[in-house]
Amino acid sequence: MKAERNIIKMDEYGRIHFPSTTSNDIWMCTNELIELFGITYPTLRANIKAIYKSGILDECEVQRCINLSNGISIEVYALPMIVALSVRLNTLGSYKVREYIIEKLTTNSRNHILFLNVRRHECMNENKSGHN
């Protein structure tokens, strides 16, 4: 994984800034997540462990270790973990991330609704008129 990453930021006015990139390119380290969500390290670790323990996300899919140019390595987390944390936490940052995601999902100009069967990991597309 490259050392340059795209991260989600909240400015001093509470506006969320998502990078203009694909979701596969958004990876954030613990310090960035702590700053975004306004939480402490123990709170972050406890919530990450709870997400893994519940089976919602698989650690090998959403967590990586990257080496920085100065020889230090850091753990980074992918967008699905950031979204899961935003749902679990009750802070201004998590609220703003949820609000941004919901706005993007509901203002999508496409006329399709995506149904996901989470038990079987199957995906079905159906347009709003009910025709396939």
| remark: To the nearest 0.5 Å, atom CZ of Arg45 lies from atom CD1 of Ile39 at 11.0 Å

| query | Can you get from Tyr100 to Leu105 by hopping between Ile, Leu, Val, Met, Phe, Trp and Tyr side chains that sit under 4.5 Å apart? | reply | yes

| task | Answer whether the closest heavy-atom distance between the side chains of Ile48 and Leu85 falls below 4.5 Å. | result | yes

| query | With sequence neighbours excluded, what pairs up with Thr91 under the side-chain hydrogen bond (donor to acceptor under 3.5 Å, both in side chains) test? | reply | Ser94

| task | Determine the minimum heavy-atom distance between Glu61 and Trp27, stating which atoms define it. | result | O-CH2, 4.1 Å

| message | What's the separation between atom CD1 in Ile7 and atom CG in Leu36, rounded to the nearest 0.5 Å? | response | 8.5 Å

| query | Who passes side chain to side chain contact (heavy atoms under 4.5 Å, CB included) against Ile74, sequence neighbours left out? | reply | Arg5, Cys29, Ile66, Leu68, Ile72, Val76

| Pairs satisfying salt bridge (Lys or Arg N to Asp or Glu O under 4.0 Å), at least one member in residues 6-20, at least two apart | Asp11-Arg15

| Hey, does Ile8 have a side-chain heavy atom less than 4.5 Å from the side chain of Leu79? | yes

| field | Residues that Glu59 engages under side-chain hydrogen bond (donor to acceptor under 3.5 Å, both in side chains), provided they are two or more places apart | value | none

| message | What's the separation between atom CG in Asn47 and atom CZ in Arg88, rounded to the nearest 0.5 Å? | response | 4.5 Å

| query | So, do Val62 and Tyr52 sit near enough that their side-chain heavy atoms are less than 4.5 Å apart? | reply | yes

| message | My understanding is that only residues two or more places apart in sequence, or in another chain, count here; which of them pass ring-ring contact (aromatic ring centres under 6.0 Å, His included) with Tyr41? | response | none

| field | OH on Tyr77 to CE on Met28, rounded to 0.5 Å | value | 12.0 Å

| message | Restricting to side chain to side chain contact (heavy atoms under 4.5 Å, CB included), what partner residues turn up for Asn90, sequence neighbours left out? | response | none

| field | Non-neighbouring partners of Ser73 that pass side chain to side chain contact (heavy atoms under 4.5 Å, CB included), sequence neighbours left out | value | Cys65, Asn67

| query | How close do Ile16 and Gly93 get, heavy atom to heavy atom, and via which atoms? | reply | CD1-O, 4.4 Å

| field | With Tyr95 via side-chain hydrogen bond (donor to acceptor under 3.5 Å, both in side chains) - residues at least two apart | value | Glu99

| Enclosure of Glu35 CD (heavy-atom neighbours >12, cutoff 6.0 Å) | no

| Which residues pass the side-chain hydrogen bond (donor to acceptor under 3.5 Å, both in side chains) test with Thr40, sequence neighbours left out? | Thr43

| Would His17 and Met10 satisfy side-chain contact (heavy atoms from CB on, under 4.5 Å), going step by step from the backbone distance to the final call? | CA-CA 6 Å; His17 299 279; Met10 184 170 60; over 6 Å; no

| Taking every non-hydrogen atom, the tightest pair across Ile82 and Phe37 | O-CZ, 3.6 Å

| Pairs in or reaching into residues 47-58: which pass salt bridge (Lys or Arg N to Asp or Glu O under 4.0 Å), with residues at least two apart or in two chains? | none

